[in-house]
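The structure presented is a predicted model; accordingly, all values stated were derived computationally and were not measured. All chains are named by letter (A, B, ...) in the order of the sequence lines, taking the proteins before the strands, and each is independently numbered beginning at 1.
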Protein chains: 2
Amino acid sequence: MQEAVQDILKKNQLSITGSRVKILELFLEQQGALAHGDIERRTGEKFDRVTVYRTLQVFLNKGIIHTIPTSDNSVLYALCKDDCGEGHHHDNHVHFVCDDCGTTMCLDDVTVPVIRLPKGFKFTQIQVVVNGRCKDCNRD
Amino acid sequence: MQEAVQDILKKNQLSITGSRVKILELFLEQQGALAHGDIERRTGEKFDRVTVYRTLQVFLNKGIIHTIPTSDNSVLYALCKDDCGEGHHHDNHVHFVCDDCGTTMCLDDVTVPVIRLPKGFKFTQIQVVVNGRCKDCNRD
DNA sequence: ATTATTTTGCAACAAAGTTGCATCTGTTTA
DNA sequence: TAAACAGATGCAACTTTGTTGCAAAATAAT
């Protein structure tokens, strides 16, 4: 885990600092998306709010994480898979929000469908947000 | 136009007030989505910020407008078509954001695709956000 | 026209996000 | 390994966005 974090930072030519390591660890531990507030709480408010914002911004620019559009318009961040980097920024994504437990995740293996747009429209990116019940919540 | 506005308000059992009329007119005039800021500006700051928020909230509850999730997490509002009302709240929507002119619109005639979710997942709602160039911007 | 009900604007507040700057930490080089 | 440099951090102050309670004003009902 420690190594994975360092690898990612080095690969992206980022210096290895406390906040970056800690925040990246959070993303790796938890399969799912995190809000800015979550991150502050789960780092034990060890880092300044500003630092968290700036760290997330850096990760966004490097393509390490990406944002997820939500219907309630809170900002969520999620780890990107390997095929995303600077330049190639998540052309297509399917995100799932569980109405029960609130978990938001990126369904990487689900392919984004082709959408027939009206005449004259050209698309560059498609994001899909699915609401429903996740695997865990459906057990009960 | 005046009539259309009054009709909508009456149909939803809302009293006819300055801000409601003006804001509804904005939505009817403009085919596309509006941010809260847009609305304030285009009403000439005639109404208090709070009033605008509350008016939008009322329209949302009544199903007159709906919000659109955007990748940059700004809140956008758009008019609903007739088949949306209290209770039946936009289960499926395709929204288009033009990267050129920034216009965001609701593509009502585009059908939302079926998405195969992983085992155990159940969906209740699907929102699709498409980025690209709109009809108008593609002319040049 | 008068009353009852809603809606509005104001003030104050809370949350979310940004900026500039001095200080500190990580990295590089000798 | 120590000095020097570049970059990251924390603090303070500020802006933007959104919320709440309450008195005044506008709308609807009688």
[X] atom [atom1], neighbour heavy-atom count above 12 within 6.0 Å:
X     : atom1 : answer
B:E45 : CD    : yes
B:E29 : CD    : yes
A:Q13 : CD    : no

*Counting N and O atoms only, with roles assigned by atom type, does the side chain of A:N138 sit under 3.5 Å from a partner on the main chain of A:K135, one being a donor and the other an acceptor?*
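No, A:N138 side chain to A:K135 backbone: no donor-acceptor pair under 3.5 Å.
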*asked:* Whether the side chain of A:D7 engages the backbone of A:A4 through a donor-acceptor N/O pair (distance < 3.5 Å, no angle test) should be reported.
replied: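 No, A:D7 side chain to A:A4 backbone: no donor-acceptor pair under 3.5 Å.
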_Could you check whether A:R116 and B:T111, counting side-chain N and O atoms only, form a donor-acceptor pair closer than 3.5 Å?_
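A:R116 and B:T111 do not have a side-chain donor-acceptor pair below 3.5 Å.
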*Where do B:S15 and B:R20 land on the side-chain hydrogen bond (donor to acceptor under 3.5 Å, both in side chains) test, with the steps shown first?*
CA-CA 9 Å; B:S15 49; B:R20 288 177 183 166; 3.2 Å; yes
Tell me: [atom1] of [X] to [atom2] of [N], nearest whole Å?
X     : N      : atom1 : atom2 : answer
A:F47 : D:dC11 : CZ    : P     : 13 Å
B:K46 : C:dT8  : NZ    : P     : 12 Å
A:E40 : C:dG17 : CD    : P     : 10 Å
B:L9  : D:dA26 : CG    : P     : 19 Å
A:N12 : D:dG7  : CG    : C1'   : 16 Å
B:N61 : C:dT7  : CG    : C1'   : 15 Å
B:F59 : C:dT7  : CZ    : P     : 11 Å
A:D48 : C:dT18 : CG    : C1'   : 12 Å

*Can you give one letter per nucleotide of nucleotides 1-6 of chain D, going 5' to 3': B for a protein heavy atom under 4.0 Å from the base, S for sugar-phosphate only, - for none?*
------
*asked:* Treating primed atoms plus P, OP1 and OP2 as sugar-phosphate and everything else as base, which nucleotides of nucleotides 25-30 of chain C get B, S or - for protein heavy atoms under 4.0 Å?
replied: -SS---
_With a 4.5 Å cut-off on side-chain heavy atoms, are A:L24 and A:L79 touching?_
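In contact.
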*Looking at side-chain heavy atoms only, is the closest gap between B:L56 and B:I39 below 4.5 Å?*
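Yes. Closest side-chain heavy atoms under 4.5 Å.
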*Residues from residues 49-58 of chain A sitting under 4.0 Å of DNA chain C, heavy atoms only?*
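Only A:R49, A:V50, A:Y53, A:R54 qualify.
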_My understanding is that only one of B:V128, B:V130, B:V94, B:V129 makes a side-chain contact (heavy atoms from CB on, under 4.5 Å) with A:V128; could you say which?_
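That would be B:V128.
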*Once the angle between the rings of B:Y53 and B:H36 is folded into 0 to 90°, is it parallel (under 30°), tilted (30 to 60°) or perpendicular (over 60°)?*
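Rings of B:Y53 and B:H36: parallel, as their planes differ by under 30°.
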